[in-house]
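For reference, the structure discussed in these notes is given below.
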Amino acid sequence: MLTRAFASDWLKLRHTWIVALVFFGPAGVIGLQAVNWGLRYDYLTDRYAGILWETLLRDVHFLSVPALLLGITLVASMLAGMEHQHGSWKQTLALPIRRRTVYMSKWLVCQTLMLLACILLMSGMLLLGYLLGFGGNIPWDSLLARSFYPWLTAGPILALQLWLSISTANQTIPLSIGIILSIMSLSAADMPDWMPLKWPLLMEDSFSTELSIALGVGTGLLVLLFSIIHFTRKDVS
């Protein structure tokens, strides 16, 4: 039943800009770093000689975290907004399918889209590094970590944004909260270690990467559980 619900939700994406948004997000991040490195190529390659790949990955990661959070906000809002705008919640929930299955399907679609964005981001970093002439000495561990770990640690934000987007027809509220969180993430390094906004930064001097992932996944599943309970008991118009 979950598979059918997921397939149905995925088909609905054909009539939206969501898939394009998932592509343009990573493309925008890579494009900004391409301009940065292109304009300051001699200076940067001289200063960071020997660690060019790691420096590039770090620079991309700095921009990719707020872009990821903003992407989560927009995807969750657009996905829920399709149901709100067409007034199809009652019709969907009248079908012989459990409410938690409907909710889980939306969550899985969001997660799948964010995973796709991470894959595109990793591909973009590889392409940019090769175009800049960094060679084949790629730090694969760092590349994979900076591509996918922020997505795993952002689980609480995704679950929260989906919850807010589905719970209210007025998308101004979840969009405003998501934009504020994205902006705040730029200075999240100065936040306490327990703040979820800090976990995607993968700061080893705070939590270990493994602990950040465990906290992100665990807290995200906990928020998801509460949101499912709320959704199954709430009237959605």
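For the numbers below, each heavy atom of this structure counts, side chains included, while hydrogens, waters and symmetry mates do not.
- Heavy atoms only, all atoms of each residue included: Ser165 and Pro174 are closest at OG-CB, 3.6 Å.
- A donor-acceptor pair is defined here as one N or O able to donate and one able to accept, closer than 3.5 Å; no such pair exists between the side chain of Ser142 and the backbone of Pro139.
- Under the side chain to side chain donor-acceptor pair (under 3.5 Å) criterion, Ser185 pairs with no residue at all, not counting sequence neighbours.
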Before you tell me yes or no, could you show the steps for Tyr48 and Leu56 under side chain to side chain contact (heavy atoms under 4.5 Å, CB included), namely the whole-Å CA-CA distance, both residues' side-chain angles and the distance that decides it to 0.1 Å? CA-CA 10 Å; Tyr48 298 106; Leu56 174 64; over 6 Å; no
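- For the ring-ring contact (aromatic ring centres under 6.0 Å, His included) test, no residue two or more places apart in sequence or in another chain qualifies with Trp107.
- Hydrophobic clustering, with ILVMFWY side chains joined whenever heavy atoms are under 4.5 angstrom apart, keeps Val102 apart from Leu11.
- Sorted by first and then second residue, the salt bridge (Lys or Arg N to Asp or Glu O under 4.0 Å) pairs involving residues 45-57 (not counting sequence neighbours) are Glu54-Arg146.
- Here the options are Leu181, Val75, Ile183, Ile179, the test is side chain to side chain contact (heavy atoms under 4.5 Å, CB included), and the partner is Leu70; only Ile179 passes.
- In this view, Ser227 and Tyr103 satisfy the side chain to side chain donor-acceptor pair (under 3.5 Å) rule, not counting sequence neighbours.
- The backbone N or O of Gly81 sits nowhere less than 3.5 Å from a side-chain atom of Gln171 that would complete a donor-acceptor pair.
- Applying the salt bridge (Lys or Arg N to Asp or Glu O under 4.0 Å) test to residues at least two apart or on different chains, the pairs with a partner in residues 6-16 are Asp9-Lys12, Asp9-Lys106, Lys12-Glu83.
- Of the inter-residue distances, the one linking Ile157 atom CD1 with Ile72 atom CD1 reads 7.5 Å to the nearest 0.5 angstrom.
- For Thr172, the side chain to side chain donor-acceptor pair (under 3.5 Å) criterion is met by Asn170, not counting sequence neighbours.
- Taking CG of Leu175 as the start and CG of Leu74 as the end, the distance is 6.5 Å to the nearest 0.5 Å.
- Residues Val35 and Leu57 do not share a hydrophobic cluster, defined by chaining ILVMFWY side chains whose heavy atoms lie under 4.5 Å apart.
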Report the C-alpha separation of His61 and Val65 in whole Å, then their side-chain angles, then the decisive distance to 0.1 Å, and conclude whether the side chain to side chain contact (heavy atoms under 4.5 Å, CB included) test is met. CA-CA 6 Å; His61 182 228; Val65 171; 3.5 Å; yes
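- Atoms CG and CG, from Leu79 and Leu13 in turn, are 6.5 Å apart once rounded to the nearest 0.5 Å.
- Put simply, the side chain of Thr219 never gets that close to the backbone of Gly216: no donor and acceptor are under 3.5 Å apart.
- Across all non-hydrogen atoms, the minimal contact from Ala76 to Cys110 is CA-SG, 4.1 Å.
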Is there a side chain to side chain contact (heavy atoms under 4.5 Å, CB included) between Arg99 and Arg233? Walk through the geometry before answering. CA-CA 9 Å; Arg99 280 187 168 219; Arg233 297 178 178 178; over 6 Å; no
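- For Tyr149, there are no ring-ring contact (aromatic ring centres under 6.0 Å, His included) partners two or more places apart in sequence or in a different chain.
- A distance of 6.5 Å separates OG in Ser105 from CG in Leu108, rounded to the nearest 0.5 Å.
- Applying the salt bridge (Lys or Arg N to Asp or Glu O under 4.0 Å) test to pairs two or more places apart or on separate chains, none has a residue in residues 63-80.
- In this structure a side-chain-to-backbone donor-acceptor pair under 3.5 Å is missing from Ser77 to Thr73.
- At distances below 3.5 Å, not a single donor-acceptor pair connects side-chain atoms of Trp17 with backbone N or O atoms of Met78.
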Contacts under 3.5 angstrom, residues 120-138 side chains, donor-acceptor by atom type, not counting sequence neighbours:
from, atom 1, to, atom 2, distance (Å)
Ser123, OG, Ile119, O, 3.0

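- Counting heavy-atom neighbours within 6.0 Å of Arg100 CZ, excluding the residue itself, gives a total of 12 or less.
- Every residue two or more places apart in sequence or in another chain that forms a ring-ring contact (aromatic ring centres under 6.0 Å, His included) with Phe6 is listed here: Trp10.
- A continuous path of ILVMFWY side-chain contacts below 4.5 Å connects Met104 to Leu222, so both sit in one hydrophobic cluster.
- Side-chain contact check for Leu69 versus Met184: every heavy-atom pair is 4.5 Å or farther apart.
- When the side chains of ILVMFWY residues are joined at heavy-atom separations under 4.5 Å, either directly or via intervening members, Trp37 and Tyr43 end up in a single hydrophobic cluster.
- Criterion: ILVMFWY side-chain heavy atoms under 4.5 Å apart, direct or through other members. Under it, Phe231 and Ile229 are not part of a common hydrophobic cluster.
- Proximity of a side-chain donor or acceptor of Lys198 to a complementary backbone N or O of Met191 within less than 3.5 Å is detected.
- Residues that satisfy the side chain to side chain donor-acceptor pair (under 3.5 Å) test with Arg4, not counting sequence neighbours, are absent from this structure.
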Please set out all donor-acceptor pairs under 3.5 angstrom arising from side-chain atoms of residues 18-34, sequence neighbours excluded.
from, atom 1, to, atom 2, distance (Å)
Gln33, OE1, Asn36, ND2, 3.1
Gln33, NE2, Asp59, O, 3.3

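- Atoms CG and CZ, on Leu2 and Arg98 in that order, are 12.0 Å from each other to the nearest 0.5 Å.
- Between the side chain of Ser167 and the backbone N or O of Trp163 there is at least one donor-acceptor pair closer than 3.5 Å.
- Note: Leu201 CG to Ser187 OG = 9.5 Å, rounded to the nearest 0.5 Å.
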Test side chain to side chain contact (heavy atoms under 4.5 Å, CB included) on Leu115 and Phe148 and set out the steps. CA-CA 8 Å; Leu115 175 59; Phe148 297 103; 3.8 Å; yes
